[in-house]
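See structure below.
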Protein chains: 4
Amino acid sequence: MPDEYILNKIAAQLKATDKATVKQQKILDTAIRMFAEKGYSNTSTAEIAKEAGVSEVTIFRNYKTKENLLMSVILPFVTDLTPVLTEEFIGELKKACNSFEEFIRMMIYNRYNFIKSNKDIFQVVIKEIVYHEDLFKELLPEISRNALEFFNKTINTFKARGEIIDIPNGTMIRMMISLVIGYFTTRFVILKDSQLIDETSEIEYLIGFIINGLKKR
Amino acid sequence: MPDEYILNKIAAQLKATDKATVKQQKILDTAIRMFAEKGYSNTSTAEIAKEAGVSEVTIFRNYKTKENLLMSVILPFVTDLTPVLTEEFIGELKKACNSFEEFIRMMIYNRYNFIKSNKDIFQVVIKEIVYHEDLFKELLPEISRNALEFFNKTINTFKARGEIIDIPNGTMIRMMISLVIGYFTTRFVILKDSQLIDETSEIEYLIGFIINGLKKR
Amino acid sequence: MPDEYILNKIAAQLKATDKATVKQQKILDTAIRMFAEKGYSNTSTAEIAKEAGVSEVTIFRNYKTKENLLMSVILPFVTDLTPVLTEEFIGELKKACNSFEEFIRMMIYNRYNFIKSNKDIFQVVIKEIVYHEDLFKELLPEISRNALEFFNKTINTFKARGEIIDIPNGTMIRMMISLVIGYFTTRFVILKDSQLIDETSEIEYLIGFIINGLKKR
Amino acid sequence: MPDEYILNKIAAQLKATDKATVKQQKILDTAIRMFAEKGYSNTSTAEIAKEAGVSEVTIFRNYKTKENLLMSVILPFVTDLTPVLTEEFIGELKKACNSFEEFIRMMIYNRYNFIKSNKDIFQVVIKEIVYHEDLFKELLPEISRNALEFFNKTINTFKARGEIIDIPNGTMIRMMISLVIGYFTTRFVILKDSQLIDETSEIEYLIGFIINGLKKR
DNA sequence: GATGAATGAGTTTTCATTCAT
DNA sequence: TATGAATGAAAACTCATTCAT
């Protein structure tokens with residue numbers, strides 16, 4: 001039942017994004033901006049319609065319900081959030097990553113840039129994640145399955161090489177994600193541009209912290 | 001001006017909690033539970049009233065506005081969130097903490113227990129923090145002022161002793177808080193009781209991660 | 001039925017004013033001030049209670065209903081609005097009034113001063129008169145009965161003397177009242193103190209206007 | 001600032017009346033009738049909706065707020081209350097008015113008929129004028145500007161001709177308006193149809209009263 | 001006599017959604 | 001396909017009034 005539910009939503013959403021006419025894109029962009037700014041609950045479809053310069057009905061014809069519109073905003077981003085582990089990308093990674101440190105650095109910078117260029121959607125996701133636990137709890141494993149597999153393999157490799165300490169992979173991954181998401185949230189949702197900081201050095205500290213926290217000595 | 005604003009709210013809230021009749025406590029408890037479950041925006045005062053077994057008007061007589069009710073839920077918790085650094089407590093800390101590790105362990109267990117016994121309010125705070133950035137941005141420094149001072153002093157001590165690495169205190173504190181809040185959020189907001197895990201060992205990993213991340217070698 | 005209704009109200013009100021304790025007077029004063037300022041409908045009993053420094057219940061014990069409070073404000077004033085035609089006053093009038101002009105001048109100055117020292121209640125009455133037409137339609141004849149009688153007699157006297165023109169007494173009285181009430185309303189309800197004008201000369205113009213309008217030539 | 005405020009309201013109102021669909025007209029008519037009967041404060045939008053046979057939301061879609069609805073009722077009437085002094089009308093006046101008496105008679109009959117065919121709105125205006133002093137204080141001068149100019153010119157002409165007495169124009173106009181409004185109010189707001197009287201002769205008395213009050217002898 | 005606590009019925013206003021064109 | 005018009009349900013909040021103490 002819950003699976004069906006979610007799959008329905010994905011289906012509806014995919015159908016919607018398939019075409020992506022000019023008006024649809026305008027609606028989507030406006031929705032993203034407003035959800036990010038005021039939150040989903042506090043943004044009315046009337047406001048979105050007005051800002052997007054379309055009639056309210058147009059939204060509903062394209063997205064059926066307001067929640068569906070939210071899904072159409074969130075899902076593509078969440079799907080892309082775990083790095084696309086194409087053969088190509090993995091190859092690149094393997095070539096580039098001679099050490100655990102390089103691996104971490106590459107991943108973090110990669111995701112940092114991805115989120116940076118999708119600030120608004122990231123805000124929406126963070127703000128809504130807590131209200132759609134069920135969705136995310138079911139969605140994430142599915143989405144991250146191959147990513148997880150890859151992570152596990154990689155961690156095991158570095159463990160075998162004796163580079164990193166021996167705590168359960170799940171715990172380790174959760175710690176890292178906590179730290180990274182926590183940093184991104186502070187940076188893009190809480191502080192936003194109100195306190196411009198020296199990006200690079202902050203990220204380097206973050207990387208250093210993780211590396212040291214996991215490095216075997 | 002903003003200071004006044006917040007102080008007014010605190011005042012209003014304190015005045016409200018001063019008496020705390022039976023019905024008021026019932027309202028507060030119900031509000032906490034429902035805000036935690038469905039979020040502030042998605043919980044109507046009518047629902048709270050019904051669940052609490054009082055009339056809706058009683059809520060408004062005691063808390064004036066719905067937002068004020070939220071504040072009455074949030075503020076006492078936030079105020080208590082930074083540990084009360086009484087002479088006594090600091091003395092105890094100093095006596096107990098011969099190493100940075102002991103210091104971190106003590107702090108984390110202390111806050112873990114505090115949050116564990118206030119799970120619901122913690123959920124509310126986490127869920128609402130993103131919609132009240134301004135409030136928290138102004139409130140937190142004020143509240144954490146003396147805590148920050150104490151942290152800085154302590155960190156400096158351990159830095160001087162050569163126990164921990166030399167990155168800016170602010171960055172270090174933010175990292176630690178990210179990690180700890182991230183862990184608590186995963187534990188109490190996302191997973192809740194759905195995946196009972198071995199608490200102690202998870203916390204120990206967390207502590208280990210922090211210690212290793214900051215320890216000088 | 002309507003008679004009973006009104007008499008009940010008067011009775012209730014008289015019972016209330018009989019004692020007129022300190023608190024009651026405070027309530028009455030506050031009600032007058034606030035009804036005058038914001039109107040009956042827009043003033044809540046809660047506000048009155050707060051401003052008067054009593055509990056809301058005290059108002060209701062003393063005045064039974066909010067409308068009754070209004071009546072307790074309005075009725076004594078309305079009763080006194082038509083000049084108290086005591087033997088004494090009439091004697092004084094007769095002695096003083098050798099001409100129609102003197103009669104009109106005396107009456108207008110007399111009522112002007114009465115209303116001036118009851119500005120607020122006058123405002124309340126003017127503002128509420130239109131919402132309680134039934135009350136006033138029934139009340140006024142009763143109240144003005146003896147005044148009317150006196151007016152008629154006086155007008156007839158001056159008509160007989162050939163001082164004033166011969167239009168129906170009722171019409172004449174209504175015209176004069178229109179003009180005078182219109183002036184008082186402009187002066188005390190619309191302009192209030194916003195445009196301080198030369199009182200005496202304005203009143204003299206008013207008197208002149210009436211005199212000329214009615215004088216035979 | 002206040003000017004803008006009022007102009008905004010007028011703009012909003014004009015925009016609303018521009019289209020005037022069937023339902024909108026129904027809402028307006030019902031509002032006029034009910035405001036006239038029970039007053040603005042004592043009429044709820046729910047009642048209006050029910051009586052007008054539309055849903056409450058439709059009212060708010062068209063008029064935004066309840067106060068705006070009131071403005072949409074009041075403003076067009078107030079704007080039309082001062083006679084439209086077109087070239088044509090003034091020419092007609094000049095041709096017809098050989099004496100001050102004829103001038104007054106024409107004006108009064110003209111406005112009497114206008115108000116008679118807008119009884120209900122007139123009632124609303126009279127009932128609300130006291131609660132919106134600021135609005136009217138600002139609005140009336142603006143609206144009556146050209147009318148005032150014309151009145152002044154006319155009065156000066158008749159003064160020059162020696163037909164009327166020499167009291168300040170402002171005072172004279174205010175007196176006349178007091179008398180006329182007072183009469184109309186008594187006729188249409190207080191008595192309504194409860195006491196049908198001989199219209200024409202009453203108006204003739206009114207005219208006579210004014211003429212005599214101002215005529216030089 | 002005085003009041004703090006409580007409320008049912010109502011207020012204006014907003015919302016996501018549907019329908020006729 | 002697009003939209004102006006319409007709405008039932010619900011939102012936060014206010015009111016005059018009552019009751020137990």
Side-chain angles (χ1 to χ4, degrees), chain A residues 19 21-24 27 40-49 53-70, chain B residues 19 21-24 26-27 40-49 52-70, chain C residues 19 21-24 27 40-49 53-70, chain D residues 19 21-24 26-27 40-49 52-70:
Chain A
K19 329 178 198 184
T21 67
V22 170
K23 288 217 172 180
Q24 277 189 31
I27 292 169
Y40 172 76
S41 275
N42 305 316
T43 306
S44 73
T45 49
E47 286 174 298
I48 297 171
V54 302
S55 98
E56 222 176 330
V57 191
T58 306
I59 294 178
F60 282 93
R61 200 165 20 78
N62 286 316
Y63 297 95
K64 213 82 171 161
T65 65
K66 191 189 171 192
E67 211 198 331
N68 214 318
L69 173 59
L70 176 65
Chain B
K19 329 176 199 184
T21 67
V22 172
K23 291 222 170 182
Q24 275 191 34
K26 195 96 182 65
I27 291 169
Y40 172 75
S41 276
N42 305 316
T43 306
S44 76
T45 49
E47 288 173 298
I48 296 171
V54 302
S55 97
E56 217 177 333
V57 193
T58 304
I59 295 179
F60 283 96
R61 242 183 66 87
N62 288 318
Y63 297 96
K64 216 87 171 159
T65 63
K66 193 189 169 193
E67 209 199 329
N68 212 320
L69 173 58
L70 176 65
Chain C
K19 330 178 197 181
T21 68
V22 170
K23 289 219 172 180
Q24 276 189 31
I27 291 170
Y40 172 76
S41 275
N42 306 315
T43 307
S44 74
T45 48
E47 287 173 299
I48 296 171
V54 302
S55 97
E56 223 177 329
V57 192
T58 305
I59 295 179
F60 282 93
R61 201 167 17 79
N62 287 316
Y63 297 95
K64 213 84 173 162
T65 65
K66 191 189 170 192
E67 211 197 333
N68 214 318
L69 174 57
L70 176 65
Chain D
K19 330 178 199 181
T21 68
V22 171
K23 291 223 171 182
Q24 276 191 31
K26 195 96 183 63
I27 291 170
Y40 172 76
S41 274
N42 305 315
T43 307
S44 76
T45 49
E47 288 173 299
I48 296 171
V54 302
S55 96
E56 219 177 333
V57 192
T58 303
I59 295 178
F60 282 95
R61 242 184 66 86
N62 288 317
Y63 298 95
K64 217 88 173 157
T65 64
K66 192 189 170 193
E67 209 199 332
N68 213 320
L69 174 58
L70 176 65

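Letters A, B, ... are given to chains in the order of the sequence lines, protein chains preceding strands, and every chain is numbered from 1. Hydrogens, waters and symmetry mates are skipped; everything else that's a heavy atom, side chains included, is used.
Atom CG in D:Asn62 sits roughly 7 Å away from atom P in F:dA6 (whole-Å rounding). Between the CG atom of C:Asn42 and the P atom of F:dT14 there is a distance of 14 Å, given to the nearest Å. For the pair D:Ile59 CD1 and E:dT12 C1', the computed distance is 11 Å after rounding to whole Å. Atom NZ of D:Lys64 is separated from atom C1' of E:dC15 by 14 Å (rounded to the nearest Å). In this entry the distance linking CG of D:Leu69 with P of E:dT13 reads 10 Å, nearest Å. The distance from atom CG of C:Asn68 to atom C1' of F:dT17 is 14 Å, rounded to the nearest whole Å. Regarding B:Lys26, its NZ atom lies at a distance of 18 Å from the P atom of E:dA5, rounded to whole Å. Spacing between atom CD1 of C:Ile27 and atom C1' of E:dT3 amounts to 12 Å, rounded to whole angstrom units.
Annotation: the span from B:Thr58 atom OG1 to B:Ile48 atom CD1 amounts to 13.0 Å, rounded to 0.5 Å. The NZ atom of D:Lys23 sits 11.0 Å away from atom CD1 of D:Ile59, with the distance rounded to the nearest 0.5 Å. From D:Glu56, atom CD reaches atom CD of D:Glu47 across 10.0 Å, with rounding to the nearest 0.5 Å. Within the model, atoms OH of B:Tyr63 and CD1 of B:Ile27 stand 5.5 Å from one another, a figure rounded to the nearest 0.5 Å.
Closest-nucleotide positions on DNA chain F for B:Thr43 and C:Thr43 were compared, and the one nearer the 5' end corresponds to B:Thr43. Comparing A:Gly53 and D:Val54, the nucleotide of DNA chain F nearest to each residue sits closer to the 5' end for A:Gly53. Where D:Thr65 and C:Ser55 meet DNA chain E, the nucleotide closest to each residue was compared, and C:Ser55 sits on the side nearer the 5' end.
Side-chain proximity of B:Phe60 to the nucleotides F:dT14, E:dG4, F:dT7 is greatest for F:dT14. Considering only the side chain of A:Lys66, E:dA16 comes nearest among E:dA16, F:dA6, E:dC15. Comparing atom distances between the C:Arg61 side chain and each of E:dA2, E:dA5, E:dT11 picks out E:dA2 as nearest. The D:Glu56 side chain lies nearest to E:dT12 when the options are F:dT7, E:dT12, E:dT18.
Using a 4.0 Å heavy-atom distance criterion, A:Ser41 is classed as making no nucleic acid contact. Contact annotation for C:Thr45: base contact, defined as any heavy-atom pair under 4.0 Å involving a base atom.
A 3.5 Å limit on both hydrogen-bonding distances identifies E:dA6 as the Watson-Crick or G-U partner of F:dT17. Both distances falling under 3.5 Å, in either a Watson-Crick or a G-U wobble arrangement, place F:dA10 opposite E:dT13.
In terms of phosphate contacts, B:Ser44 brings a side-chain nitrogen or oxygen within less than 4.0 Å of OP1 or OP2 of F:dA11. Taking only side-chain nitrogens and oxygens, C:Thr58 never comes nearer than 4.0 Å to OP1 or OP2 of E:dA2.
Minimum interatomic distance between A:Lys66 and A:Thr43 (heavy atoms only, all atoms of both residues): NZ-O, 2.8 Å.
At least one donor-acceptor pair closer than 3.5 Å links the side chain of D:Tyr40 to the backbone N or O of D:Glu67.
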